Student: 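Would you mind keeping the following structure in view while I ask a few things?
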Amino acid sequence: MTLTPLELTRPASVTDAFLAQLVARVPGSSGATWKLTEVYTGDVLVELPQSAPEDIERAFAVAREAQLKWAATPLKDRLAVFKRAHALFVDRARAIADLIQVESGKNRRMAIEETCDPPMVMSHYLKRAARLLAPTRRGGPVPLLTTSTEIRQPKGVVGIIAPWNFPFATGVSDAVPALMAGNAVVLKPDNKTALSPLYGVRLLEEAGLPEGLFQVVCGEGPDVGPTLIDHADYVMFTGSTATGRVIGERAGRNLIGCCLELGGKNPMILLEDASLEEAVQGAVFGAFGNTGQICMHIERIYLPESRYEEFKTAFVAAASALDFRAAYDFGPDMGSLVSVDHMRRVKSHVDDAVAKGATVLCGGKPRPDLGPAFFEPTVLEGVTTDMLCGVTETFGPVVALHRYRTVDEAVALANNTDYGLNASVWSTDVAAARAVAARIESGNVNVNDILATAYAAKGTPSGGVKNSGVGARHGDQGLLKYTDVKNLAVLKKQVMGPRPGQGYEKYVESMLSGLKLMRKLRIR
Ligand code: NAD
């Protein structure tokens, strides 16, 4: 079967005129463009302008000017924009999902879920921002006579570099707390998936975000990245570990802060007493949700010897029964990979594993009959650490089953990785699962779930350890990282140092006994 436009009708909202309007805000003085394609068909959707260094410099200059006014706007007025935006984003969820689908090729169920992320982030920080940004007055070194106040100030202009796998969520959600805190934003989305974040910016402006405050520049990473980082006051990056190192090095040289949300090689551990039905359902989502292109998804499943065959049979049956194809309705369980290049990378991991002795239990092949970048849901066994997919992130619908004999061995295998982004532990005994979770080296661990419980808990920081990242999004630090602290200290009367006529010995004696007294009274 090959796809024809007759069989696959592009969503009605995705018109040429609409796309042209969306990309018109991207500066591209050189006239260079990038052909942004519909993933399911490979058809060109729009010519995306590519931003030259001068365009990026100008975008920062405009953003910087807008930021001064925005930072001086009362917080309640800034937050009012996001109250309106929340409603607007929910109302337009279907149109947003249309754009996410055409540019990423993911299935509609994932696309609509993705649209919910920015409203959830807005909702959380609408409750929390006023408290986080309020000055906090603390005592100073001398009781009653001194105060020290922690004042939160916006960094200035935040550069955000976003990947293609959740382009709308990573492009918009990470900007929300930065903007609430009084910053401007310059976003560089991935070329392949610039449309949905561009629409997000437009919706924020419809909700009242001042024009100029949120700039979008486009281009290949190595072309745009250096100028962007050199002009930013802080960088928020989501993407691969390899690129994260490049971004972190440059930010370090410039002495600016950065948050790096990187890749994973995430394990799932079943304990002896886990529910088969729930674990299989979880594993299907964990391995094949978003076509395996979720940073927190599962690529390694560890099973006790006693449950291996039972799980393998049920899981392979479930994977083989998945409905994966190109469609703009809620039918398919799984969509396409994002591009032919990425499909080839996923295929190379499977081919390498097979060449080195792994067994394909189901899937394992590209499906050009369904669309240019489709790849079958694939389950492997016999994967070892000398295989590419045994150690590095595949980022596709490919998962390996492994046996373990003891829980200690399962924990050791799960931790035997350079990554530490997410893990999932399954058991009907929650206390036992929590005990295992505590031993996993990972920024997120979900008990009886794959990732949503951790990721949707917007009040708790979510980030990676080891090679999976630096810093976190969500939680208090997800907003505070976009601020600098000013310590405003006041001494009401000069009492520091020896009194007139007091010898230094006497002064030191009184100072030391004062220290002891304050400790005793628990003042300092
Ligand atoms: P990538 O690192 O190739 O690209 C990410 C972004 O960085 C893109 O916009 C790209 O154009 C840009 N970029 C590339 N090289 C650059 C450079 N030298 N300077 C500046 N920018 C540059 O990653 P990808 O393939 O787009 O995304 C998939 C990866 O992202 C996976 O590893 C996945 O695990 C990770 N990811 C992590 C999270 C998280 O929260 N931890 C979330 C989503 C995706």
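Just follow the structure's listing: the first ligand is 1, and inside any ligand the first atom is 1. Nothing fancy with the numbering, it's 1 onward along the sequence. Treat the numbers as computed from the prediction; the structure is a model and nothing was measured.
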Student: Can you list the ligand 1 atoms lying under 4.0 Å from a non-hydrogen atom of Ile247?
Tutor: 19 (N), 20 (C), 21 (N)
Student: Mind checking whether Thr170 has an N or O less than 3.5 Å away from an N or O of ligand 1?
Tutor: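 No, there is no polar N/O contact under 3.5 Å.
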Student: Tell me whether the rings of Phe324 and Phe374 are parallel (<30°), tilted (30 to 60°) or perpendicular (>60°).
Tutor: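 Rings of Phe324 and Phe374: tilted, 30 to 60°.
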Student: With a 3.5 Å cut-off and no angle check, do the side chains of Asn446 and Asn422 form a donor-acceptor pair?
Tutor: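 Asn422 and Asn446 do have a side-chain donor-acceptor pair below 3.5 Å.
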Student: Among all the protein's non-hydrogen atoms, which is closest to atom 28 (C) of ligand 1, and how far away is it?
Tutor: Phe395 CE2, 3.5 Å
Student: Kindly indicate whether atom 21 (N) of ligand 1 is approached by any protein heavy atom to under 4.0 angstrom.
Tutor: yes
Student: What residue and heavy atom of the protein are closest to atom 12 (C) of ligand 1, and at what distance?
Tutor: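 Looking at atom 12 (C) of ligand 1, the protein heavy atom closest to it is Ile161 CG2, 3.7 Å.
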Student: Can you tell me if Gly469 contacts ligand 1 (heavy atom of the residue under 4.0 Å from the ligand)?
Tutor: no
Student: Does either side chain, that of Trp34 or that of Glu220, offer a donor lying less than 3.5 Å from an acceptor on the other one?
Tutor: yes
Student: Answer yes if the side chains of Asn165 and Asn290 hold a donor-acceptor pair under 3.5 Å, and no otherwise.
Tutor: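 The answer is no; no qualifying pair exists.
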Student: Does any part of the side chain of Arg64, heavy atoms only, come nearer than 4.5 Å to the side chain of Gln67, both counted from C-beta?
Tutor: no
Student: Show, in sequence, the C-alpha distance, side-chain angles and deciding distance for Glu206 and Arg92, and conclude whether the salt bridge (charged side-chain N to carboxylate O under 4.0 Å, His left out) test is met.
Tutor: CA-CA 12 Å; Glu206 252 182 86; Arg92 307 278 174 86; 3.0 Å; yes
Student: Tell me whether ligand 1 is touched by Phe166 - counting only heavy atoms on the residue side and a distance under 4.0 Å.
Tutor: no
Student: For Asn165, take its heavy atoms, then give the atoms of ligand 1 lying under 4.0 Å from any of them.
Tutor: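 Heavy-atom distances to Asn165 below 4.0 Å select 43 (C), 44 (C).
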Student: Are the ring centres of Tyr455 and His474 closer than 6.0 Å?
Tutor: yes
Student: Quick test of your reading of the structure: of Thr227, Leu187, Thr241, Leu262, whose heavy atom lies closest to atom 37 (C) of ligand 1?
Tutor: Leu262
Student: Run down the list Ala162, Gly221, Pro163 and name the one with the heavy atom closest to atom 19 (N) of ligand 1.
Tutor: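 Among Ala162, Gly221, Pro163, the closest heavy atom to atom 19 (N) of ligand 1 comes from Gly221.
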Student: Taking distance alone, with no angle check, do Gly239 and ligand 1 share an N/O pair under 3.5 Å?
Tutor: yes
Student: Need the ligand 1 atom indices (1-based, order shown) with element for anything under 4.0 Å from a heavy-atom of Leu421.
Tutor: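 The list of qualifying atoms is 41 (N).
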Student: Regarding atom 16 (C) of ligand 1: of the candidates Val338, Ile160, Val224, Thr243, which has the closest heavy atom?
Tutor: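 Checking each option, the heavy atom nearest atom 16 (C) of ligand 1 is found in Thr243.
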Student: Any chance the side chains of Gln101 and Asn107 put a donor and an acceptor closer than 3.5 Å?
Tutor: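 No, no side-chain donor-acceptor pair sits under 3.5 Å.
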Student: Which residue and atom name correspond to the protein heavy atom nearest atom 24 (P) of ligand 1, and how close is it?
Tutor: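 Of every protein heavy atom, Trp164 NE1, 3.4 Å lies nearest to atom 24 (P) of ligand 1.
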Student: Output yes when the distance from some N or O of ligand 1 to some N or O of Arg473 is under 3.5 Å, and no in every other case.
Tutor: yes
Student: Just heavy atoms, cut-off under 4.0 Å: does His342 contact ligand 1 by side chain, backbone, both, or neither?
Tutor: neither
Student: Using distance alone, with no hydrogens and no angle criterion, decide if Gln215 and Arg25 have a side-chain donor and acceptor under 3.5 Å apart.
Tutor: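 Side chains of Gln215 and Arg25: no pair found under 3.5 Å.
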Student: Find out whether Arg250 and Asp230 are in side-chain contact, i.e. whether some heavy atom of one side chain is under 4.5 Å from a heavy atom of the other.
Tutor: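 Of all side-chain heavy-atom pairs linking Asp230 with Arg250, at least one is under 4.5 Å.
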Student: Specify the protein heavy atom at minimum distance from atom 31 (C) of ligand 1: its residue, its atom name, and the distance to 0.1 Å.
Tutor: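 The protein heavy atom lying closest is Glu393 OE1, 3.4 Å.
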Student: Give the atom numbers and elements of ligand 1 that come within less than 4.0 Å of a heavy atom of Lys188.
Tutor: 9 (O), 10 (C), 11 (O), 12 (C)
Student: What residue and heavy atom of the protein are closest to atom 39 (C) of ligand 1, and at what distance?
Tutor: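 It is Cys295 SG, 3.2 Å.
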Student: Just one of Asp476, Leu479, Leu79 clears the side-chain contact (heavy atoms from CB on, under 4.5 Å) bar with Tyr125, so which one?
Tutor: Leu479
Student: Distance to 0.1 Å, residue and atom name: give those for the protein heavy atom nearest to atom 5 (C) of ligand 1.
Tutor: Thr238 O, 3.7 Å
Student: Using only heavy-atom distances, determine whether the side chains of Ser339 and Asp341 contain a donor-acceptor pair under 3.5 Å.
Tutor: no
Student: For residues Ser29 and Asp55, is any side-chain donor paired with an opposing acceptor at under 3.5 Å?
Tutor: yes
Student: For Asp190, which part has a heavy atom under 4.0 Å from ligand 1: side chain, backbone, both, or neither?
Tutor: both
Student: Using a heavy-atom cut-off of under 4.0 Å, does the side chain or the backbone of Ser468 touch ligand 1, or both, or neither?
Tutor: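 Answer for Ser468: neither.
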Student: With no hydrogens and no angle check, do the side chains of Glu57 and Thr227 hold a donor and an acceptor under 3.5 Å apart?
Tutor: no
Student: Nearest to atom 1 (P) of ligand 1 by heavy atom, Ser240, Gly463, Ala472: which?
Tutor: Ser240
Student: With atoms numbered from 1 as shown, which atoms in ligand 1 lie under 4.0 angstrom from a non-hydrogen atom of Gly225?
Tutor: 19 (N), 20 (C)
